[in-house]
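What follows is a set of notes on a single structure, which appears directly below.
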2 protein chains.
Amino acid sequence: MARQPTSGERPTVKDVAASSGVSATTVSRVLAGNYPVSTATRARVMKAVRELDYVINAQARALGGGGTKTVAFIVHDLVGPAFAYVGQGVEQEATAEGRLCLVCTTHGDPERELELIELMREQQAEAVVLVGGGSNSSSYIERMTQAARGLDKSGSRLVLCGRPPLGPDVPATVVEYDNEGGAYAITSYLISLGHRDIVFLGAGRPGHSTVDGRLRGFERAHKAHHLPVPQQQTRAITFDRESGYQATHDLLAHGHKFTAIFAATDVVASGVLVALREAGLRVPEDVSVVGYDDIPLARDLTPQLTTVHVDHEDLGRTAVRYALNRDRHAMNQHTVIGTHVVIRDSAGPPPKPRRGGR
Amino acid sequence: MARQPTSGERPTVKDVAASSGVSATTVSRVLAGNYPVSTATRARVMKAVRELDYVINAQARALGGGGTKTVAFIVHDLVGPAFAYVGQGVEQEATAEGRLCLVCTTHGDPERELELIELMREQQAEAVVLVGGGSNSSSYIERMTQAARGLDKSGSRLVLCGRPPLGPDVPATVVEYDNEGGAYAITSYLISLGHRDIVFLGAGRPGHSTVDGRLRGFERAHKAHHLPVPQQQTRAITFDRESGYQATHDLLAHGHKFTAIFAATDVVASGVLVALREAGLRVPEDVSVVGYDDIPLARDLTPQLTTVHVDHEDLGRTAVRYALNRDRHAMNQHTVIGTHVVIRDSAGPPPKPRRGGR
DNA sequence: CCAAAGATAGTTAGCGGTTTCTATCCCCTG
DNA sequence: CAGGGGATAGAAACCGCTAACTATCTTTGG
């Protein structure tokens, strides 16, 4: 009898072939189902497959036949709620398209990001989805452009998810959401409620594309309503609860005058709420607070947070869909996903002025 | 001149070899750095690598040389905060050990789970980390045992993360945290505060290993204090905010008598708090509430939640570490990670009885 | 001064599949 | 009844890289 697979070792097509008395080719065809094979033969092969507990070797298949069915997902970290949802979307769509999903985290390190892209090129990932705002510096953009070209040459596709395009000649797919629009809308909402002294909490990290967009929307809303753009908080904010807390605390301590706070993210807003509460200020009676992202947390806060809804999961799904089904010659694609205000309980009219004046 | 790589195609070792006038073997050795190569040769090869923008083909390497450096991570979904942290830990440790991380979600479908394990066997993942409580049914355990054996035969390792062992002869690594101990501790804490009527919210899904453990701890604490085990809520709970809300609502509507609620997870607790607040009950003055998991949300709730801390990230890290560095002949390993109560503001002494009685 | 040991580089044979390209066998048609 | 064509199956080449042997050319030691 031909090649009895050593027990404890992984059987190969050859083992299956030998065990069912056909050639390796035939086994391959039965498994792929892309070539006529007689019913009897197919049955014999399948029987052997079952008996030997054979499973194909994905690496070998990738080498020989089509490529690897893999999508890579590169992100700051997995635990940020917004990122997690994007990840969910990416995984979802990748699975729906029959792809596997590789995930890596950068912890905000641009070097690491580029390293990972290189790694994904080795892995022959079909698409590399980069999530989260990146730097706006020109050297960074230059390097990223190189990376995009490299991936393109390897038959892969770079997808920028939630950050602006690199340039017209760069082979990359861009899917971002309307940061500016959402910020414009929610700022307008605050203005329409009567607020005139709104603090934008989150500036101070210029060059960060996501916040830049939100800030632009904030400013544009003021201009549209013919209001002076409030002097922003330029404190460096790290976009976590603590920095929101700290910034609010400082604001209060310095006797700043304001009736509303626009936190750059919901997480920051959560810190803001705590600081306000500690200071004995009621929300929204004394101060209105709004956030951005509409992560689940927004509904768990007290009061529930009025914020800008972003469908992060859709963002991830769209990114993968576009990357995989793109028109072969589309150099760059660009899609913007809408955002909208969701009104809850944390924003209301400003308090009646104590001593007149707006 | 030998093989000029067609522009636009991915260069191979052969291209690099031709371009630098050496053999493919030498190129491979320069890249791997595991064999003496003269400095001059190395330099020539590296130059060619740079000029051609060569990147190795991971699939080919996996086929030829060592295996694929990959760890798989199978989870309910990526957005549950607890899961996300485990994922973070898995990714972290995998990266630290020079591995890539494949991630897949099951959405709670056991069939899908088994399918994915099979898929990972094809992928030759070095370890397959299964996260989250699974079913306790014997048929499920039987199938999972098969899967573990299959993986073992393929040189891979099944890691059960946060669920109990399958059996003594099953080749699998188990890393779980002390569900029962934590539940015991926090229940004891409530009892020591004076509570005698504690509702455990989350029973009703027997066979779910995580909750089973927590419930056991709850019961054991009562027994240890010579108290009758309260009649549990057997309402089916889906472990989301809504079911916590709904269950509490019903509890109140039916005039149930209780002074504290032990929610099976923090997320459930968040729903509980909302229902209580709506009913005009203060926490912790009127009712005490505790949760389990200590996800970031716990600190964002009002009042901040007293809960059981679980280091989910460590769980993920440990899982990968053990799976990769296991003793080659260790059939099964089992590690339990400790949990501890973190006291915040949501639990206090029960209210003074209105009409006597305990 | 010659043989044995080192240091380098090349040859060749896989790894485990897939995919041409052939080779049969069989049935149908003219 | 010969020849054409469809249905099946196999042989061999190849995917890109690694690893076990060889083959040189230097050294070096007795």
Side-chain angles (χ1 to χ4, degrees), chain A residues 2-3 5-6 9-46 48-49 52-69 121-124 153-156, chain B residues 2-3 5-6 9-46 48-49 52-69 121-124 153-156:
Chain A
R3 185 166 180 182
T6 321
E9 292 224 341
R10 192 175 166 128
T12 72
V13 264
K14 275 184 190 154
D15 298 316
V16 176
S19 163
S20 51
V22 300
S23 73
T25 307
T26 302
V27 174
S28 171
R29 299 210 261 241
V30 168
L31 262 25
N34 55 3
Y35 195 86
V37 173
S38 79
T39 323
T41 308
R42 180 192 313 285
R44 288 221 314 288
V45 170
M46 289 313 288
V49 165
L52 297 179
D53 190 23
Y54 169 80
V55 284
I56 206 170
N57 180 324
Q59 264 68 43
R61 172 167 48 194
L63 229 205
T68 97
K69 260 67 181 74
R121 190 136 80 102
E122 296 183 359
Q123 294 293 325
Q124 319 252 85
K153 217 167 59 181
S154 299
S156 180
Chain B
R3 186 168 180 180
T6 321
E9 292 224 341
R10 195 177 163 123
T12 72
V13 265
K14 275 186 190 152
D15 298 316
V16 176
S19 163
S20 52
V22 299
S23 73
T25 305
T26 302
V27 174
S28 171
R29 299 209 261 242
V30 168
L31 262 24
N34 55 3
Y35 196 88
V37 172
S38 78
T39 322
T41 308
R42 179 191 316 284
R44 288 221 314 288
V45 170
M46 290 313 288
V49 164
L52 297 179
D53 189 22
Y54 168 80
V55 283
I56 205 170
N57 180 323
Q59 265 68 43
R61 173 170 44 196
L63 231 204
T68 97
K69 260 69 179 74
R121 190 135 80 104
E122 296 183 0
Q123 295 292 328
Q124 318 253 86
K153 217 167 60 182
S154 299
S156 179

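Only this structure's heavy atoms are used, side chains among them; waters, hydrogens and symmetry mates stay out. Here the structure is a predicted model, which means the values were calculated and not measured. Naming convention: chains lettered A, B, ... in sequence-line order (proteins, then strands); numbering from 1 in each chain.
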### Query
Is there a side-chain polar atom (N or O) of A:Ser38 under 4.0 Å from OP1 or OP2 of D:dT8?
no

### Query
Given atom CZ of B:Arg61 and atom C1' of D:dT18, what is their separation to the nearest angstrom?
10 Å

### Message
Counting only side-chain heavy atoms from C-beta out, which of D:dG16, D:dG10, D:dT18 sits nearest to A:Ser23?
### Response
D:dG10

### Query
Does the side chain of A:Thr12 get closer than 4.0 angstrom to OP1 or OP2 of C:dG16 through an N or O atom?
no

### Salt bridge flag under 4.0 Å for residues B:Arg10 and B:Asp53
no

#### Entry: Over all atoms of both residues, closest heavy-atom pair of B:Ser23 and B:Ala17
C-CB, 3.7 Å

### Query
Roughly, in whole Å, what's the span from CZ in A:Arg10 to P in C:dG16?
9 Å

### Task
Assign A:Thr25 to base, sugar-phosphate, or nothing according to its heavy-atom contacts below 4.0 angstrom with the strands shown.
base

### Task
On DNA chain C, check which nucleotide each of A:Asn34 and A:Leu63 is closest to and give me the residue with the more 5' one.
A:Leu63

### Message
Nearest whole Å is fine: how far is C:dG17 P from B:Asn57 CG?
### Response
17 Å

### Query
Using 4.0 Å as the upper bound for N to carboxylate O, is an ion pair formed by A:Glu9 and B:Lys153?
no

### Query
For the residue pair B:Arg44 and B:Ser20, what are the closest heavy atoms and their distance?
NH2-O, 3.1 Å

### Task
Using atom CD of A:Glu9 as one end and atom P of C:dC15 as the other, report the distance to the nearest whole Å.
11 Å

### Task
Return the angle between end axes of the helix from C:dC1-D:dG30 to C:dG30-D:dC1, with five pairs used per end and rounding to 10°.
50°

### Query
Which is true for B:Val37 with a 4.0 Å heavy-atom rule: it touches a base, it touches only sugar-phosphate, or it touches nothing?
sugar-phosphate

### Task
Using whole Å, report how far CD of A:Glu122 lies from P of D:dT18.
11 Å

### Task
Take atom CD of A:Gln123 and atom P of D:dC17, then tell me their distance rounded to the nearest Å.
13 Å

#### Entry: Whole-Å distance separating the CG atom of A:Leu52 from the C1' atom of C:dG16
15 Å

### Task
Indicate, with a heavy-atom threshold strictly under 4.0 Å, whether A:Val22 touches base, sugar-phosphate, or nothing.
sugar-phosphate

### Query
Among B:Arg121, B:Gln124, B:Gln123, whose side-chain hydrogen bond (donor to acceptor under 3.5 Å, both in side chains) with B:Ser154 holds?
B:Arg121

### Query
Of B:Val55 and B:Tyr35, whose closest DNA chain D nucleotide lies nearer the 5' terminus?
B:Val55

### Query
What nucleic acid atoms does A:Gly64 come within less than 4.0 Å of, heavy atoms only: base, sugar-phosphate, or nothing?
base

### Message
Can you measure B:Gln59 atom CD to D:dC17 atom C1' for me and round it to whole angstrom units?
### Response
12 Å

### Message
What I want to check is whether the side chains of A:Thr25 and A:Ser28 have a donor and an acceptor closer together than 3.5 Å.
### Response
no

### Message
Using a distance-only criterion (donor-acceptor N/O pair, under 3.5 Å, no hydrogens), is the base of C:dG10 paired with the side chain of B:Arg29?
### Response
yes

### Task
Rounded to the nearest 0.5 Å, what's the gap from OH on B:Tyr54 to CG on B:Leu31? Could you check?
6.0 Å

### Query
If only side-chain N and O atoms of B:Ser28 are considered, is one of them under 4.0 Å from the OP1 or OP2 phosphate oxygen of D:dA19?
no

### Query
Once you round to the nearest 0.5 Å, how far does CE of A:Met46 lie from OG1 of A:Thr39?
13.5 Å

